[in-house]
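The block underneath contains the structure these notes are about, expressed in structure tokens.
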Amino acid sequence: MARKVLVIHGPNLNLLGEREPGIYGDVSFDKLNAHLLERAAQLGLECEIFQSNHEGAIIDKLHAARTEFYGVVINAGAYTHYSYAIADAIKAIRIPCIEVHISNIFARDAFRSHSVIAPVCCGSISGFGLLSYDLGLTALAERDA
């Protein structure tokens, strides 16, 4: 049976393809999600995708994930830099979480170079465009394989 993984997209990621294409690319949110489902299947993973612009909804989804999923790939968007509540939720669920970012957060605004969720994730991937998600899925697939 395939291991179930959850991909969480945080705030504004639903506007991929429209929002700042010079930074985030021109691939639509729907195309990215279709690709992620296909890539997960290739890796032998069953994948669910969730997006919210609301911190509490992301926390609720993380809490539910602890009994349903093997691991999580999360792009918390701007919450990465200040949401101790999301960091606490990741720490509490005790399943592998991988932080991903489309852009290189260390090459942008100074506030983006600090992640409060990185210390509670098993790894962080940034700067590889949409490939960052693929790398996160691959890391989960290879973990404990």
Side-chain angles (χ1 to χ4, degrees), residues 2-55 57-59 61-62 64-66 68-145:
R3 291 189 282 184
K4 270 182 89 171
V5 297
L6 174 64
V7 173
I8 296 179
H9 301 288
N12 301 310
L13 288 160
N14 56 305
L15 298 179
L16 280 177
E18 301 173 41
R19 177 180 172 238
E20 299 182 81
I23 295 173
Y24 301 109
D26 59 2
V27 174
S28 74
F29 182 66
D30 290 339
K31 284 186 180 176
L32 169 61
N33 288 334
H35 168 78
L36 293 176
L37 293 172
E38 182 179 314
R39 181 67 184 133
Q42 291 168 352
L43 293 166
L45 301 170
E46 183 181 335
C47 183
E48 182 178 314
I49 296 171
F50 176 78
Q51 189 278 327
S52 182
N53 295 314
H54 305 280
E55 184 178 32
I58 293 169
I59 292 165
K61 191 66 175 179
L62 284 164
R66 77 186 190 284
E68 285 183 59
F69 296 95
Y70 165 74
V72 176
V73 172
I74 182 168
N75 182 341
Y79 290 135
T80 298
H81 314 295
Y82 66 88
S83 181
Y84 294 101
I86 290 175
D88 285 348
I90 291 169
K91 186 175 181 181
I93 64 173
R94 298 190 299 187
I95 60 175
C97 293
I98 298 176
E99 172 188 21
V100 300
H101 299 283
I102 297 166
S103 67
N104 180 350
I105 62 173
F106 302 102
R108 296 186 60 201
D109 310 290
F111 79 89
R112 294 183 196 276
S113 67
H114 179 72
S115 169
V116 300
I117 69 171
V120 295
C121 289
C122 61
S124 299
I125 301 164
S126 74
F128 295 99
L130 300 181
L131 179 62
S132 294
Y133 286 94
D134 288 32
L135 295 170
L137 287 172
T138 301
L140 282 179
E142 296 292 327
R143 189 176 169 87
D144 304 325

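These numbers come from a predicted model, not from an experiment.
Expressed to the nearest 0.5 Å, how far OG of Ser132 lies from CG of Leu137 amounts to 11.0 Å. The CG atom of Leu6 sits 8.5 Å away from the CD1 atom of Ile93 when rounded to the nearest 0.5 Å. Note that the CZ atom of Arg143 and the OH atom of Tyr70 stand 5.5 Å from one another [nearest 0.5 Å]. Atom CG in Leu62 sits 15.0 Å away from atom NZ in Lys91 (nearest 0.5 Å). Atom-to-atom distance recorded for Leu130:CG and Leu16:CG is 6.5 Å, nearest 0.5 angstrom. From Leu43, atom CG reaches atom CZ of Arg3 across 10.0 Å, with rounding to the nearest 0.5 Å.
Inter-residue side-chain proximity for Ile74 and Ile86 is flagged as met; some heavy-atom pair is nearer than 4.5 Å. Put simply, the side chain of Thr138 reaches to within 4.5 Å of the side chain of Arg39, judged on heavy atoms. No side-chain heavy atom of Ile117 sits under 4.5 Å from any side-chain heavy atom of Tyr84. A heavy-atom distance below 4.5 Å is found between the side chains of Ser126 and Asn104. The shortest side-chain heavy-atom distance between Lys4 and Glu46 falls under the 4.5 Å cut-off. Side-chain contact between Pro96 and Leu140 is present, with at least one heavy-atom pair separated by less than 4.5 Å. Contact check for Asn12 versus Arg19: side-chain heavy atoms found under the 4.5 Å cut-off. Using a 4.5 Å heavy-atom cutoff, the side chains of Leu45 and Cys47 are not in contact.
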What verdict does the side-chain contact (heavy atoms from CB on, under 4.5 Å) test give for Ile8 and Asn75, after you've listed the backbone C-alpha separation in whole Å, the side-chain angles of each residue and the deciding distance to 0.1 Å? CA-CA 6 Å; Ile8 296 179; Asn75 182 341; over 6 Å; no
Candidate pair Val27 and His35, rule side-chain contact (heavy atoms from CB on, under 4.5 Å), full reasoning: CA-CA 10 Å; Val27 174; His35 168 78; over 6 Å; no
Show your working on side-chain contact (heavy atoms from CB on, under 4.5 Å) between Cys97 and Val120 and close with a plain yes or no. CA-CA 8 Å; Cys97 293; Val120 295; over 6 Å; no
Hey, mind stepping through Val72 and Ile98 against side-chain contact (heavy atoms from CB on, under 4.5 Å) and telling me if it holds? CA-CA 6 Å; Val72 176; Ile98 298 176; over 6 Å; no
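When the side-chain hydrogen bond (donor to acceptor under 3.5 Å, both in side chains) test is applied to Tyr79, no partner is found at least two apart in sequence or on another chain. The side-chain hydrogen bond (donor to acceptor under 3.5 Å, both in side chains) check on His54 picks up nothing, with sequence neighbours excluded.
Checked options Cys121, Pro119, Ser83; the residue passing with Ile90 is Cys121 (criterion: side-chain contact (heavy atoms from CB on, under 4.5 Å)).
The main-chain N or O of Val7 is never found under 3.5 Å from a side-chain atom of Glu48 such that the two would form a donor-acceptor pair. In this structure a side-chain-to-backbone donor-acceptor pair under 3.5 Å is missing from His114 to His81.
Considering every non-hydrogen atom in both Ile58 and Gly10, the closest pair reads CD1-CA, 3.9 Å. Of all the heavy atoms in Val100 and Gly136, the pair that sits closest is CG1-CA, 4.3 Å. Closest heavy-atom contact between Ser115 and Glu99: OG-OE2, 2.8 Å.
The ring-ring contact (aromatic ring centres under 6.0 Å, His included) contacts involving residues 85-104 comprise nothing, where partners must be two or more places apart or lie in separate chains.
In summary, Glu68 and Lys61 do not engage in a salt bridge, as defined by a charged side-chain N under 4.0 Å from a carboxylate O.
Aromatic pair Phe29/His9: ring centres closer than 6.0 Å.
Counting non-hydrogen atoms of other residues, nucleotides and ligands closer than 6.0 Å to CZ of Phe50 gives a total above 12.
Defined by atom type and a distance below 3.5 Å, a donor-acceptor pair is missing between the side-chain atoms of Glu55 and Asn53.
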